[in-house]
Protein chains: 2
Amino acid sequence: MAPSDLPAEPTQARRFGKARSAQSTALLEDYAELIADLLAGEGEARPTDIARRLGVSHATAIKAIARLKREGLATARPYRGVFLTDAGMRLAERVRVRHRLVVDVLVALGVPAEAAEQDAEGIEHHVSDATLAAFSRFLEHL
Amino acid sequence: MAPSDLPAEPTQARRFGKARSAQSTALLEDYAELIADLLAGEGEARPTDIARRLGVSHATAIKAIARLKREGLATARPYRGVFLTDAGMRLAERVRVRHRLVVDVLVALGVPAEAAEQDAEGIEHHVSDATLAAFSRFLEHL
DNA sequence: ATGAAAGTGTAGCCGTGGCTACACTTGCTG
DNA sequence: CAGCAAGTGTAGCCACGGCTACACTTTCAT
Ligand SMILES: [Mn+2]
Ligand SMILES: [Mn+2]
Ligand SMILES: [Mn+2]
Ligand SMILES: [Mn+2]
């Protein structure tokens, strides 16, 4: 395989930088989406349930929830479960739609269902609005 | 939008766990790919050039290079530039092919060129072999 | 051959996101 | 209503991936 031609330096740096910043919001997005799902499906979102679903220790989940609070996305009082602020709910909603869309596109491209779900969990955090729009058009036009 | 039905707990935990582990190899993959490109295009891969292209400080790049060495992907002697081991070159090659394929699929779906390049930089690290295979078939069958 | 500029390396700081261990609260069950 | 199991919170550890500051080496022009 031929080596890729190197993009201009500032262009490449900008691409990597944006990928890094997308990375840093990925965790918040997953928590927000999961908390919204738990609230809708179970009526409550407890740190232990969040932790089990994410596959991390409850201590890890509690620290992440503290970060959600710090960023104005969630509220929680000791021993009383986690809730989303308006901003948190808006984020969760956006994330849910995007997640769904990514899975649907992958499946439409012939990716097996479980692989699609799996890969979407990571891919979703790197899909820009432009790409999202293209995905929508692709699915409609199917 | 209707709330997604919650997947079974162990399934969901496995998905998140795999996404986390993909995340932890993303940085290695980007460095390996970039070093290979620099070696092919410029004949050498110097820490400063690597750093500038990634948009990080040279100190950050040097620490990452230390990790590449630790993991058996690169070699470097003080003041003499960075090289890839056989394992490093194999990784770089795999990563380059996958990167290209992701960009091509995005473009084929109607994503504008620069957005495709941008999003691919993050997406590539979360594309499984099954998805990669589906992408190939999709492009051929075009 | 020397001095300045460019590159390199190291030390030490920070925030994040994992973990375990331990202490405390809650809520259910007998 | 007592006690136990489950859940919660906190402390303290670690690795990673950013950063700045500073010291050292190399390279290149004069
Ligand atoms: Mn996700
Ligand atoms: Mn998701
Ligand atoms: Mn990348
Ligand atoms: Mn790449």
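The sequence lines fix the lettering, A, B, ..., with proteins before strands; numbering per chain opens at 1. Owing to the predicted nature of the structure, the values given are computational and were not obtained by experimental measurement.
- Protein chain A touches strand DNA chain D; the 5'-most and 3'-most nucleotides with an atom under 4.0 angstrom of its non-hydrogen atoms are D:dG7 to D:dG18.
- Hydrophobic side-chain contacts under 4.5 Å tie A:Val103 into a cluster, directly or through other members, with A:Val107.
- Straight-line distance from the CG atom of A:Leu27 to the C1' atom of C:dG18: 11 Å, rounded to whole Å.
- Applying the side chain to side chain donor-acceptor pair (under 3.5 Å) rule to B:Arg67 yields the partners B:Glu71; only residues at least two apart in sequence or on another chain are considered.
- Residue-level contact check: B:Ala64 touches neither bases nor backbone, having no heavy atom under 4.0 Å from any strand.
- Relative to the side chain of A:Tyr79, the nucleotides C:dT25, C:dG17, C:dG7 differ in distance, and C:dT25 lies closest.
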Next item on the list: Take B:Thr131 and B:Ser128 through the test side-chain hydrogen bond (donor to acceptor under 3.5 Å, both in side chains) and record every step on the way to the result.
Entry: CA-CA 5 Å; B:Thr131 296; B:Ser128 64; 3.3 Å; yes

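- Every side chain to side chain donor-acceptor pair (under 3.5 Å) that A:Asp49 has, sequence neighbours left out, goes to A:Arg46, A:Arg52.
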Identify every side-chain donor-acceptor pair in residues 133-141 of chain A under 3.5 Å, counting partners at least two apart or on other chains, and give the distances.
none

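- Here the P atom of nucleotide C:dG7 and the CD1 atom of B:Ile65 are 14 Å apart, to the nearest Å.
- Under 4.0 angstrom from either OP1 or OP2 of C:dG17 there lies no side-chain N or O belonging to A:Thr60.
- For the pair B:Leu38 CG and C:dG7 P, the interatomic distance rounds to 14 Å; values are reported in whole Å.
- Contact between the side-chain N/O atoms of A:Ser57 and the OP1/OP2 oxygens of C:dC19 is found at a separation under 4.0 Å.
- Heavy-atom nearest nucleotides on DNA chain C were determined for A:His58 and for A:Ser24, and the one closer to the 5' end corresponds to A:Ser24.
- Nearest-nucleotide positions on DNA chain C place A:Gly55 closer to the 5' end than the other of A:Pro78 and A:Gly55.
- Looking only at side-chain heavy atoms (C-beta outward), A:His99 and A:Val102 stay at 4.5 Å or farther from each other.
- A:Arg67 has its CZ atom 10 Å from the P atom of C:dG18, to the nearest Å.
- In this entry the distance linking NE2 of A:His125 with P of C:dG17 reads 12 Å, nearest Å.
- In this structure, B:Tyr79 shares a hydrophobic cluster with no other residue, the cluster being traced through Ile, Leu, Val, Met, Phe, Trp and Tyr side chains under 4.5 angstrom apart.
- In this structure, A:Lys63 places its NZ atom 10 Å from P of C:dT16, rounding to the nearest Å.
- The shortest distance between the side-chain N/O atoms of B:Arg20 and the OP1/OP2 oxygens of C:dG17 is not below 4.0 Å.
- Distance A:Glu29 CD to C:dG17 P: 12 Å, rounded to the nearest Å.
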